[in-house]
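Values in this document were obtained by computation on a predicted structure and should not be read as measured data. Whatever order the structure lists them in is the order used to number ligands and atoms, beginning at 1.
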Amino acid sequence: MSRYWSPVVAGLSPYVPGEQPKLANLIKLNTNENPFGPSPKVLAALRAACDDTLRLYPDPASDRLRQAIARHYDVALPQIFVGNGSDEVLAIVFQALLNHDAPLRFPDITYSFYPVYCGLYGVRYEAIPLTEDFRIDAGDYLPAAGRTAGPILFPNPNAPTGRALPLADIERIVAGNPDAVVVVDEAYVDFGAESAVSLVKRYDNVLVVQTLSKSRSLAGLRLGYAIGSPVLIEGLERVKNSFNSYPVDRLAEAGATAAIEDVEYFEFTRRAVIRTRDGLTGSLRGLGFDVIPSAANFVMARHPAHDAAALAAALRERGIIVRHFSHPRIVQYLRISIGTEQECDALVHALRTILV
Ligand SMILES: *Cc1c(COP(=O)(O)O)cnc(C)c1O
């Protein structure tokens, strides 16, 4: 606390990211990074972009990258917005689209950055409980008769539960809230959920946010994007150009363009992660864990006879880090990111010795 801080800063509760340990040799299954490196074509594009042109500002519109994204998803250029990671895109979405008189609605258990942005941008929100089995019930997001409904935001698959919402349910929410923006955060969609990009062509109130951090192995490059109707994208551009009109740097644009274009590598790695996730889910169930069905690159698991915090501590002693959350509904769960086959085998082996 300092008297030099503005009052809003004194009242913030900043997001606490998962640990990025400085120790080598730890098995890091705590922040949902991809166990595969980026595509070799991405690394080549980054090397090729390292030249004298770095003295120049990047293209403020990131046209090359936006064209690659537009081609990949078969949408038009004015439907694409890019930023430094989807966290930055979401920050701009909060300012541009989610701050209305009626409160923003999102699930009670969800990406813990959402309430942080509400604090920073002064957005009122209502947390809507997930069902007993951690599903989003689309019916909970339909406006009551005569009530002005606020905007809606949820990840699909949800984080940190990993559960996916079927596209038909997303469409029910979008169609049922024609006067409110519905933002679908698809950070993990490539690991097994249905994307809402197809809805963007038919509804002008839906915005899809994606990232290269997870399914394209580029958390270190910081690149995220939004796909929506031109009117929503224009709202985002207005905020961006009032804040930092050159957000995506030259290297990020070159690497990200190559990542979007290398569909073959993307398909290979995401399928491998899905296969490893399904194998790990089976092994954990074999050890007596309850595992929430996951469509993401992580699983949420609880053991009926072992305290989650104690399990996380015991794994850490064996050089394996997983994530543990304090929200009361999930305090007995561990969130385990999908690593390589070997890393997941090491986890199962460690758990077997801990559980005896
Ligand atoms: C990882 C994650 C993000 C942020 O991704 P970046 O693009 O790395 O900023 C956004 N939303 C959810 C739900 C995530 O899990």
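Only side-chain heavy atoms of K214 come within less than 4.0 Å of ligand 1; its backbone N, CA, C and O stay farther off. Heavy atoms of A187 found under 4.0 angstrom from ligand 1 belong exclusively to the side chain. In Y188, the part holding a heavy atom less than 4.0 Å from any atom of ligand 1 is the side chain.
Protein heavy atom at the shortest distance from atom 5 (O) of ligand 1 is S86 OG, 3.1 Å. Among protein heavy atoms, the minimum distance from atom 13 (C) of ligand 1 is reached at D185 OD2, 3.4 Å. Among protein heavy atoms, atom 9 (O) of ligand 1 sits closest to R222 NH2, 2.7 Å. Among protein heavy atoms, the minimum distance from atom 8 (O) of ligand 1 is reached at S213 OG, 2.6 Å.
Relative to the six-membered ring of F134, R163 misses at least one condition, a distance below 6.0 Å or an angle of at most 45° to the axis.
Between D108 and R329, at least one side-chain N (NZ, or NE/NH1/NH2) sits under 4.0 Å from a carboxylate O, which counts as a salt bridge. Between D190 and R216, at least one side-chain nitrogen of the basic residue sits less than 4.0 Å from a carboxylate oxygen of the acidic one, meeting the salt-bridge criterion. Ion pairing between R302 and D290 holds under the 4.0 Å rule for side-chain N and carboxylate O.
Near G85, meaning under 4.0 Å from one of its heavy atoms, ligand 1 places the atoms 7 (O), 9 (O).
Using cut-offs of 30° and 60° on the angle between ring planes, the pair H303 and F289 is perpendicular.
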Checklist entry - Could you go step by step and tell me if F106 and Y111 meet the ring pair (Phe, Tyr, Trp, His ring centres under 6.0 Å) rule? => result CA-CA 9 Å; F106 52 74; Y111 188 34; over 10 Å; no
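Considering backbone and side-chain N/O atoms, Y111 never comes within less than 3.5 Å of an N/O atom of ligand 1.
Distance check: M300 CE to I109 CD1 gives 7.0 Å after rounding to the nearest 0.5 Å.
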